[in-house]
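Right, one structure below, let's go through it.
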Amino acid sequence: MNINLLVIRTENPEILKEQYEKLGFEFDYHRHRKGPYHYASEQNGFVFEIYPLTKSMKKADGNLRLGFDIYDLSVVIDRLKDTDWIIKSDIKETEWGIIAVIQDLDGRKIELKNK
């Protein structure tokens, strides 16, 4: 089984899109039928979408933890140091590989694993 879709919601879709572009995502802006406009990135059969909050949501779910395999992890972390990403855990070797943990503007922790 492989994950093929991940949707996150935010109060600031444009800013969050810019954050994730710094990780290497490329987004299109569109909508499906009468749904809300949102950002979508598709790579290798995986669709990652950033939607605005629904009317019933007060804030984004900051408890979601994501993980992405990244080429040249040290280069990416160096590039993120002077941005709006929060580096929660710098690069370290673990039993699961070489990883770093960062945090997006909504509080989601993202585990980056060196590919």
Shared hydrophobic cluster for Ile8 and Phe25 (ILVMFWY, side-chain gaps under 4.5 Å): yes

Qualifying side-chain hydrogen bond (donor to acceptor under 3.5 Å, both in side chains) pairs, either residue in residues 53-71, two or more places apart: Thr54-Ser56, Arg65-Glu111

Connected-component partners of Val7 among ILVMFWY, side-chain separation under 4.5 Å: Leu5, Val47, Tyr51

Cation-pi check, Lys17 onto Phe27 ring (under 6.0 Å, within 45° of axis): no

Asp78 CG to Leu73 CG distance, which is reported to the nearest 0.5 Å: 9.5 Å

Whether over 12 other heavy atoms sit under 6.0 Å from Glu21 CD: yes

hydrophobic_cluster_shared for Leu105 and Val76, side chain cutoff 4.5 Å: yes

Residues Lys22, Asp84; criterion side chain to side chain contact (heavy atoms under 4.5 Å, CB included); working and verdict: CA-CA 10 Å; Lys22 292 172 184 151; Asp84 50 1; 3.5 Å; yes

Same apolar cluster: Ile86 and Leu64, side chain cutoff 4.5 Å: no

Any side-chain heavy-atom pair of Lys81 and Asp90 under 4.5 Å: yes

Heavy-atom check, side chain of His32 versus side chain of His38, under 4.5 Å: yes

Atom pair CG (Leu66) and CG (Asp104), whose distance is rounded to the nearest 0.5 Å: 7.5 Å

Parallel, tilted or perpendicular: rings of Phe48 and Phe46 (30°, 60°): parallel

Test of ring centre spacing under 6.0 Å for Tyr20 and Tyr39: no

Residues which pass salt bridge (charged side-chain N to carboxylate O under 4.0 Å, His left out) with Lys109, listed by chain and number, not counting sequence neighbours: none

Donor-acceptor under 3.5 Å (Asp106 side chain, Thr10 main chain): no

Distance (rounded to the nearest 0.5 Å) between Glu18 CD and Thr83 OG1: 11.5 Å

Closest heavy-atom pair and its distance - Ala40, His30: CB-CE1, 3.3 Å

Point-to-point distance, once rounded to the nearest 0.5 Å, from OG of Ser74 to CG of Leu112: 12.0 Å

Linked, directly or transitively: Phe68 and Ile87 (ILVMFWY side chains, under 4.5 Å): yes

Plane angle bin for Tyr29 and Tyr37 - parallel if under 30°, tilted between 30 and 60°, otherwise perpendicular: parallel

Stepwise side chain to side chain contact (heavy atoms under 4.5 Å, CB included) check, Arg108 with Gln103: CA-CA 5 Å; Arg108 293 178 202 90; Gln103 183 176 316; over 6 Å; no

hydrophobic_cluster_shared for Leu23 and Leu16, side chain cutoff 4.5 Å: yes

Between NZ on residue Lys113 and OG1 on residue Thr94, distance to nearest 0.5 Å: 7.5 Å

Any Ile77 side-chain heavy atom under 4.5 Å of Ile102 side chain: yes

Other residues, nucleotides, ligands: >12 heavy atoms within 6.0 Å of Glu14 CD: yes

Straight-line distance of Gln19 CD to Ile110 CD1, nearest 0.5 Å: 7.5 Å

